[in-house]
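Working notes, beginning with the structure itself.
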Amino acid sequence: MNLFRDFQTKIVAALEGMVANGALPAGLDFSRVAVEPPRDPAHGDLATNAAMVLAKPAGQPPRTLAAALVPVLTALPDVVAVDIAGPGFINLRLAENFWHRRLAAAIGAGDVYGRSSLGNGRKVNVEYVSANPTGPMHVGHGRGAAFGDALANLLDAAGFDVTREYYVNDAGAQVDALARSVHLRYREALGETIGAIPEGLYPGEYLCAVGVALAARDGRKWLNQPEDAWLPSILAFAVDAMMALIRSDLAGIGIEHAVFTSERGLVERGSVDAALLLLEGRGLIYTGTLEPPKGDKPDDWEPRPQTLFRATQFGDDTDRPLKKSDGSWTYFATDIAYHLDKFSRGFAVMIDVWGADHGGYVKRMKAAVAALSDGKAGLEVKLCQMVNLMNKGEPVKMSKRAGTFVTLRDVVDEVGKDVVRFIMLTRKNDQHLDFDLAKVTEQSKDNPVFYVQYAHARHRSVLRQAAAEFPNADFSDAALGGAELSRLRDPDEMAILRTLAQWPRVVETAAETHEPHRIAFYLHDLAAAFHALWTRGKDETSLRFIIAGDVAATRARLALARGVGLVVAAGLRIFGVKPLEEMR
RNA sequence: GCGCCCUUAGCUCAGUUGGAUAGAGCAUCGGCCUUCUAAGCCGAGGGUCACUGGUUCGAGUCCAGUAGGGCGCGCCA
């Protein structure tokens with residue numbers, strides 16, 4: 001489906017033919033021969049660097065080599081012109097008919113247009129969100145959620161076997177603090193006066209309902225009991241409640257993970273011991289004393305021997321501790337067990353989506369995965385930068401006291417899930433993102449969500465109008481695919497056809513680079529081309545999508561609109577955004 | 001102090017994984033509404049791609065260094 005890939009294959013075959021008949025020396029490496037759209041469409045439809053990358057090994061100047069390639073490339077099907085340009089680029093121009101056939105094929109493929117077999121069914125694990133189960137999701141989590149889910153959809157569209165996963169950090173000091181906080185709210189629910197929430201506990205009012213629910217379930221049995229008696233039970237109850245809250249936040253933006261893995265479960269099953277035993281067997285664990293960190297030194301730093309992982313052998317800057325001073329596992333230790341768990345479930349490709357504040361953790365985790373899998377598995381970490389929540393250009397003060405909203409749910413309630421998801425994907429993951437509540441709901445060109453949705457709604461609108469204009473005509477996709485597309489010849493129309501034909505390549509490139517934002521920019525470009533052509537119809541009635549009294553011409557033009565609608569819908573589907581039928 | 005990330009038009013950002021004359025939106029200026037939706041479109045101006053070297057046919061892109069910004073640096077996750 002990716003025409004650039006198709007032509008790359010054809011061109012390499014042609015080059016091999018030249019080797020066979022002696023026009024090129026044997027033993028050339030064709031892997032660097034690329035076929036891409038030229039930056040400037042005026043140069044042609046396809047450009048290849050073949051002559052330039054082969055010049056040196058073939059012992060010929062690039063332009064001489066290019067000249068020898070021209071007749072061979074001219075002979076390829078659908079090629080109507082071949083030019084040599086600049087240092088030795090070869091530009092190919094394809095027949096108009098080729099682009100018409102691509103549109104017909106796209107309409108024929110329908111919803112699967114752009115899907116790829118690039119991944120060849122390989123298993124990929126995408127772990128994202130993994131917010132601590134101690135409260136509702138905030139806006140920053142929302143970015144990781146939208147990003148991770150779009151990346152998963154993208155990899156799925158590119159032919160990978162994707163598992164969406166959430167790691168539940170339900171062990172450690174944070175959830176102990178959660179349990180204590182809930183116990184307080186529980187006492188409050190049973191009529192006690194609890195006063196101010198102590199430092200170190202979670203003060204959020206969302207825990208009041210959890211306390212009430214606990215009182216309803218267990219009555220007064222945890223009153224006046226030592227912490228040891230109630231902590232495990234209340235912790236489990238509280239974590240369940242928080243995960244229910246988070247799942248509901250996720251459902252609010254249309255996200256559902258297939259697998260939830262519990263940190264506590266890993267610890268209780270002995271997975272951490274097993275993982276560390278594995279590393280120990282490979283001589284990667286030892287007892288040693290670390291240098292104190294430079295810069296901001298901890299007040300209570302005392303050198304002491306601890307259990308360390310030889311992360312430096314795998315590119316990390318220092319070896320990393322696995323046990324805290326109280327003997328319990330560090331977060332890193334349980335995370336090692338978790339990634340071994342993923343590996344043992346058959347994932348050689350793991351992608352973790354983290355917040356940028358975890359950047360310092362990447363090297364050691366990659367080191368651990370390399371060590372655990374003996375180099376057979378790879379971990380890629382995508383760090384999502386911060387989201388600056390704005391309103392009309394002013395930063396939103398994140399003050400709970402002032403009642404300004406900070407939770408993801410509040411933002412979704414304010415602007416809608418589709419807007420949140422799309423805007424979160426309009427920047428590369430490693431760039432800061434301004435999320436302006438006023439701007440994202442504005443109906444203007446300034447708002448990319450609106451602009452792209454408008455293109456889809458316009459295509460629907462014109463199809464409705466056409467059906468009213470020609471009540472007896474068949475404008476089904478089957479009919480549009482068979483339209484007389486040779487009527488589409490205007491340069492702007494041809495430009496849209498070429499853009500539509502690039503869609504499969506866009507999907508593959510975005511999937512390979514793990515960069516969903518490329519889809520957003522492509523959709524914006526496609527929408528712009530469509531809006532521009534639409535407006536030209538004001539002056540040139542022959543460019544309108546509905547041509548009065550001419551069903552055949554209308555059908556051809558509707559096919560173009562349908563192609564745009566189809567691809568916009570496909571792109572929005574990857575983002576988990578519902579295409580709009582009308583803008584009202 | 002060390003590590004990771006970032007630096008492209010006045011502002012917010014893309015840049016097809018090393019290609020040709022570096023692009024878009026906003027803002028500024030100038031045009032287009034008896035219309036299939038003007039919630040839109042067309043055009044103009046605006047650049048030392050932070051800086052200095054290097055790698056090669058070719059560098060915004062890769063490497064090294066410098067400057068500025070962000071994040072992180074045992075007993076949080």
Side-chain angles (χ1 to χ4, degrees), chain A residues 4 34 36-40 43 47 49 52-53 55-56 61-62 85-89 91 130-132 134 167 169 171-175 177 263 290 292-296 298 300-304 306 308 316-318 320-321 323-326 328 330-332 334-335 355-363 383 385-386 426-428 430-434 439 442-448 450-451 454 457-458 461-462 464-466 469 502 505-506 509-510 512-513 515 517-518 520-522 524-525 528 531-539 541 544-548 554 557 561 582-584:
Chain A
F4 300 94
E36 298 175 326
R39 277 185 190 269
D40 185 346
H43 292 142
N49 61 356
M52 289 183 289
V53 298
K56 188 175 275 186
F89 283 102
N91 294 321
S130 300
N132 292 331
T134 54
Y167 182 46
N169 298 126
Q174 290 195 174
V175 282
E263 180 184 3
L290 288 176
K294 311 273 181 170
D296 291 343
D300 55 348
W301 173 272
E302 289 172 19
R304 63 178 176 83
Q306 46 190 169
L308 300 173
D316 201 357
D317 310 303
T318 178
R320 300 296 180 176
K323 273 191 181 176
K324 303 179 195 171
S325 53
D326 67 358
S328 64
T330 60
Y331 179 76
F332 181 49
T334 53
D335 223 356
D357 55 343
H358 289 61
Y361 202 74
V362 174
K363 276 191 180 180
L383 296 177
Q385 268 295 348
M386 292 179 44
T426 54
R427 290 286 177 268
K428 204 156 53 175
D430 53 17
Q431 286 279 1
H432 289 257
L433 183 142
D434 290 341
K439 188 157 280 184
E442 210 171 79
Q443 296 203 332
S444 79
K445 192 180 181 179
D446 202 9
N447 176 0
F450 165 78
Y451 193 69
Y454 190 24
R458 261 194 166 156
S461 163
V462 76
R464 287 192 298 267
Q465 297 275 354
E469 182 83 13
Q502 292 207 27
R505 181 177 189 271
V506 171
T509 307
E512 281 178 319
T513 54
E515 293 183 340
H517 76 279
R518 290 170 185 263
F521 283 87
Y522 170 83
H524 191 272
D525 288 348
H531 291 314
L533 181 62
W534 179 281
T535 303
R536 277 188 67 200
K538 280 192 304 173
D539 300 326
T541 51
R544 294 191 178 191
F545 287 89
I546 296 170
I547 311 291
T554 299
R557 308 196 51 68
E582 55 183 348
M583 294 312 291
R584 308 283 167 210

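Naming: A, B, ... by sequence-line order, numbering from 1 per chain.
Within the nucleic acid shown, A/E469 has no heavy atom closer than 4.0 Å to any nucleic acid atom. Residue-level contact check: A/P321 touches the backbone only, with heavy atoms under 4.0 Å from sugar-phosphate atoms and none from bases. Within the 4.0 angstrom heavy-atom criterion, only backbone atoms of the sugar-phosphate kind lie near A/H432; the bases stay farther away. At a threshold of 4.0 angstrom between heavy atoms, the contacts of A/A85 include nucleobase atoms, whether or not backbone atoms are also involved. Across all strands, A/Q431 comes closer than 4.0 Å only to sugar-phosphate atoms, never to a base (heavy-atom distances). Contact annotation for A/L290: no contact, since no heavy-atom pair falls under 4.0 Å across all strands. At a threshold of 4.0 angstrom between heavy atoms, the contacts of A/Y451 are confined to the sugar-phosphate backbone, with no base atom among them. A/G359 comes within 4.0 angstrom of nothing in the nucleic acid, heavy atoms only. A/Q465 comes within 4.0 angstrom of the backbone, heavy atoms only, and of no base. Across all strands shown, A/V362 has no heavy atoms under 4.0 Å from either base or sugar-phosphate atoms. As judged by a 4.0 angstrom heavy-atom cut-off over every strand, A/A47 is placed among the base-contacting residues. Among the atoms of the strands shown, base atoms are found under 4.0 Å from some heavy atom of A/F89.
B/A14 and B/G23 have their C1' atoms separated by 7 Å, given to the nearest Å. Comparing the P positions of B/C62 and B/G30 gives a spacing of 42 Å, expressed to the nearest Å. Using P as the reference atom, B/A50 and B/U7 are 8 Å apart when rounded to the nearest Å. Comparing the C1' positions of B/C29 and B/A20 gives an interatomic distance of 32 Å, to the nearest angstrom. When the C1' atom is compared between B/U8 and B/G68, the two are found 16 Å apart, to the nearest whole Å. Using P as the reference atom, B/G53 and B/U16 are 25 Å apart when rounded to the nearest Å. On the P atoms, B/G25 is 9 Å away from B/C41, given to the nearest whole Å. Taking the P atom of each, B/U66 and B/C2 are spaced 9 Å apart, rounded to whole Å.
Taking for each of A/R304 and A/A532 the nucleotide of RNA chain B with the nearest heavy atom, the 5'-most of the two is the partner of A/A532. Where A/L433 and A/E582 meet RNA chain B, the nucleotide closest to each residue was compared, and A/L433 sits on the side nearer the 5' end.
With hydrogens and angles ignored, a donor-acceptor pair under 3.5 angstrom links the side chain of A/H358 to the base of B/A77. For A/R505 against B/U16, a side-chain N or O and a base N or O form a donor-acceptor pair under 3.5 Å. For A/D525 against B/A14, a side-chain-to-base donor-acceptor contact under 3.5 Å is absent.
Considering only side-chain N and O atoms, A/K428 lies under 4.0 angstrom from the phosphate OP1 or OP2 of B/G15. Checking the phosphate oxygens (OP1, OP2) of B/C36, no side-chain nitrogen or oxygen of A/R536 falls inside 4.0 Å. Residue A/S461 places at least one side-chain N or O under 4.0 Å from the OP1 or OP2 atom of B/U37. OP1 or OP2 of B/A77 sits under 4.0 Å from a side-chain N or O of A/K324. Taking only side-chain nitrogens and oxygens, A/H531 never comes nearer than 4.0 Å to OP1 or OP2 of B/G25.
A perpendicular orientation is assigned to the rings of A/H517 and A/F521, their planes being inclined by more than 60° (bins at 30° and 60°).
Distance CG (A/D357) to C1' (B/A77): 10 Å, rounded to an integer number of Å. Note: CG (A/D316) to P (B/G74) measures 13 Å, nearest angstrom. Summarising the geometry, the separation between CD on A/E512 and C1' on B/U16 is reported as 11 Å, rounded to the nearest angstrom. Look at CG on A/N132: it is 9 Å from P on B/A77, rounded to the nearest Å.
Side-chain contact check for A/V462 versus A/I546: some heavy-atom pair is nearer than 4.5 Å.
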